[in-house]
Amino acid sequence: MPDVSISFKRWIVGRPLSSDRLGEQMLPKRIALPVFASDPLSSVAYATQEILLVLTLGGLAYLHLAPWVAAAVVVLLAVVVLSYRQVVQAYPSGGGSYEVASRNLGPWAGLVVASALMVDYVMTVAVSVAAGVDNIISAVPSLGPYRVVVNLGFVVLLTAMNLRGVRESGRLFAVPTYLFIAGVLAMVAIGLLQTAFGHAPVAESAGWQVHAEPGQLGLTGMALVLLTLRAFSSGCTALTGAEAISNGVPAFRPPKARNAATTMAVMGGLSIAMFAGITALALIADVRYTEDACQLVGFPGNCATGSQRTVIAQIAAAVFGGTDTVMFFYIQAATALILILAANTAFNGFPLLAAILAEHRYLPRQLHTRGDRLAFSNGIVILAVVAGALIYAFDGSVTRLIQLYILGVFTSFTLSQAGMVRHWNRELAGVSDPVQRRRIHRSRAINAVGACLTSLVLIVVLVTKFSHGAYLVVIAMPVLYAMMRGIRRHYDRVARELRPQPGGIVLPSRTHAVVLVSQLHQPTLRALGYAKATRPDTLTSLTVKISEEEESALRAEWEEREIPVPLTVMASPYRDITGSVLEYIARLHREHPEDLIAVYIPEYVVGHWWENLLHNQSALRLKARLLFQRGVMVTSVPWQLDSSDRVHPQQVHHDSPGAGAKVG
């Protein structure tokens with residue numbers, strides 16, 4: 001009978017792939033773009049919305065700042081893309097920001113970047129899925145009460161798809177990504193043409209007014225600057241995931257670095273064009289968007305229970321002629337799909353980063369192991385569980401989740417670019433060719449500008465978002481940093497303790513074998529036979545007396561079968577089997593501190609999970625305690641019951657001593 005769990009796993013994940021097929025999982029540029037760049041490409045769907053949401057806190061009067069805020073985001077995105085193209089070409093091994101910071105600024109900087117990136121990847125999944133579900137609810141408002149359930153369902157679906165392997169998931173994600181790019185570019189082009197011909201699109205919210213939040217009306221001076229900076233930091237969500245390509249260079253087809261750099265350039269160009277176009281149309285169409293629908297004067301229906309359509313949904317309706325048109329539903333479907341699938345950037349980046357950290361002994365070694373489909377399955381599952389917990393904790397709210405988002409992004413950006421400046425300084429010291437020196441000077445200038453800009457943005461983000469939830473990231477990053485340092489110290493300590501001593505193999509002076517006996521049955525005879533076959537210096541059968549009747553019956557049967565091994569009985573007035581055995585072993589170790597003590601434990605092997613509840617509990621407790629005793633070796637001697645061999649039952653017990661056999 002096949003194992004149900006294995007069959008279910010094969011249905012979800014697929015058949016295992018052999019290690020020699022790893023090369024088949026390498027990605028061409030057309031597939032790598034949706035795999036590694038779906039996050040920055042999709043973030044244009046909500047980056048404009050986040051800018052408008054912050055500016056309307058003070059009322060409609062501050063929307064005139066939106067073009068300047070968007071322009072600053074575009075400049076920053078261009079600089080970051082150019083900077084990471086340098087990273088890809090200088091460090092094609094796939095470590096990305098972590099490798100750059102570790103090699104050039106030291107291990108501490110690498111761990112800071114790693115903790116920031118791990119937080120960023122988790123938030124990418126949570127925010128992308130939540131934003132995608134928001135767009136689904138914009139098209140189908142009746143799904144609003146089931147927001148969290150729908151979110152978690154998509155996280156499970158993404159996890160299953162990624163467990164099937166990078167190449168297979170990439171093919172599935174390619175179509176929605178390209179549909180989204182085509183739809184948004186078409187919407188922007190049509191909307192701008194309508195405007196040029198005097199028929200500018202008008203959003204459904206264009207006639208609504210906004211109640212400014214208390215204390216936000218009539219801002220001047222520093223308060224206005226802070227509002228603008230907060231809007232800018234929210235708009236910087238358009239940069240999330242820009243570093244993912246630098247982490248995934250090993251997944252590209254050769255020439256890896258050049259293909260990755262080309263893909264990054266295409267990603268940057270598309271992101272800038274779509275973000276600028278959506279922002280322009282949002283302002284042309286007079287889109288109104290607030291955190292609370294009750295701030296909108298003129299909002300139809302119950303503002304306490306109803307939800308606004310997203311900014312991109314309002315633009316699509318304005319450009320294509322309403323919310324019942326085919327193109328409106330096309331844009332909403334494509335947006336929802338790419339936002340949800342944008343989490344795939346994290347599902348590829350997080351496991352790769354975790355595998356590198358595990359290789360460097362900063363995370364558990366299991367994260368460096370590839371699964372059946374040559375994907376880093378453990379990292380994928382951990383990412384899904386943590387992201388799902390965040391979605392549940394924050395009720396799937398994009399506005400609440402996004403406050404935790406970009407602090408980690410700009411921490412990694414800043415340290416990475418600073419590390420690249422030091423990298424180019426070292427390169428200059430060893431190069432005399434004028435052409436190469438000019439190229440290095442140019443690259444260093446790009447990374448220096450990137451480091452300055454991203455460090456300023458990091459300060460802005462920290463100041464403007466700290467009280468809105470970013471403090472949680474400020475707590476999480478040091479915790480992750482300390483955890484990774486602790487794991488590395490543990491592995492280093494274990495390696496030191498396991499290092500072979502000079503002089504080769506040290507043999508024990510003598511060996512004392514102890515066979516644990518509960519009753520005289522075939523497992524006991526097998527354990528006695530195996531123990532005697534090792535030719536120990538002494539061999540003892542040890543039983544614990546729980547009752548006089550059981551001890552007398554065992555001793556009588558022992559003598560009747562003429563077992564040539566002395567039976568030692570430990571009295572236990574409190575019926576503590578484990579404690580009595582440990583006491584005997586401890587006394588034996590004190591008497592022979594230089595000798596080896598080998599403890600043999602007979603165990604049943606059963607075929608059903610419920611049978612395990614009926615057997616071997618005392619054996620498990622004993623093994624757990626004996627493994628901590630120095631100078632003691634524990635050997636389990638299995639006895640396979642019929643239920644354990646469901647395929648070839650005829651092979652059971654043929655090699656064991658018969659019921660009447662003697663151990664001689």
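All residue numbers in this chain count up from 1 along the given sequence.
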| remark: When rounded to the nearest 0.5 Å, the distance separating OH of Y481 from CE of M118 is 12.5 Å

| Hey, mind stepping through V100 and L415 against side-chain contact (heavy atoms from CB on, under 4.5 Å) and telling me if it holds? | CA-CA 8 Å; V100 173; L415 289 175; over 6 Å; no

| task | In sequence, state the C-alpha distance, the side-chain angles, and the governing distance for L458 and L407, and then conclude on side-chain contact (heavy atoms from CB on, under 4.5 Å). | result | CA-CA 7 Å; L458 176 60; L407 183 61; 3.6 Å; yes

| Positive for side chain to side chain contact (heavy atoms under 4.5 Å, CB included) with V80, one of T454, V409, V457 | T454

| task | Might you point out which heavy atoms bring V249 and A260 nearest each other, and give the distance in Å? | result | CG2-CB, 4.0 Å

| task | Enter the distance from M267:CE to I181:CD1 here, rounded to the nearest 0.5 Å. | result | 11.0 Å

| request: Measure from the side-chain N and O atoms of T56 to the backbone N and O of Y289, and report whether any donor-acceptor pair falls under 3.5 Å. | output: yes

| Between T279 and T48, a side-chain donor and acceptor under 3.5 Å | yes

| message | For P67 versus L283, what's the shortest heavy-atom pair and its separation? | response | CG-CD1, 3.5 Å

| If you take all heavy atoms of A346 and L383, which pair is closest and at what distance? | O-CD2, 3.4 Å

| message | Ignoring hydrogens, what is the shortest heavy-atom contact between S246 and V87? Give both atom names and the distance. | response | CB-CG1, 4.1 Å

| What distance do D120 atom CG and F410 atom CZ have between them, rounded to the nearest 0.5 Å? | 10.0 Å

| query | If you measure only the distance, is there a donor-acceptor pair under 3.5 Å linking the side chains of S205 and Q314? | reply | yes

| Nearest 0.5 Å, what's the CG-OG distance between L462 and S233? | 10.5 Å

| query | Between the main-chain N or O of V311 and the side-chain N or O of Q49, is there a donor-acceptor pair closer than 3.5 Å? | reply | yes

| said: Quick check for you: to the nearest 0.5 Å, what is the distance between T263 atom OG1 and I245 atom CD1? | reply: 5.5 Å

| Any side-chain heavy atom of L453 sitting closer than 4.5 Å to one from Q417? | no

| message | So I137 and V133, do their side chains get closer than 4.5 Å, heavy atoms only? | response | yes

| query | Taking the side chain from S43 and the backbone from A238, do they hold a donor-acceptor pair closer than 3.5 Å? | reply | yes

| said: Looking at A130, is its backbone amide N or carbonyl O close enough to the side chain of N151 to form a donor-acceptor pair, meaning the two atoms are under 3.5 Å apart? | reply: yes

| task | Determine whether more than 12 heavy atoms belonging to other residues, nucleotides or ligands lie under 6.0 Å from atom OH of Y392. | result | no

| message | When you compare the side chain of T290 with that of L53, does any pair of heavy atoms fall below 4.5 Å? | response | no

| request: Of all the heavy-atom pairs spanning P201 and T195, show the shortest one and how long it is. | output: CD-OG1, 3.5 Å

| task | Give, for atom CD1 of I136 and atom OG1 of T310, the distance between the pair rounded to the nearest 0.5 Å. | result | 11.5 Å

| Any donor-acceptor N or O pair under 3.5 Å, side chains Y330, T325 | no

| message | A side-chain contact here means heavy atoms from C-beta on lying under 4.5 Å apart; do F350 and V125 qualify? | response | no

| task | Look only at the side chain of T237 and the backbone of S234, and say whether a donor-acceptor pair between them is shorter than 3.5 Å. | result | yes

| task | Write down the atom of G388, the atom of L152, and the distance for their closest heavy-atom approach. | result | O-CD2, 3.5 Å

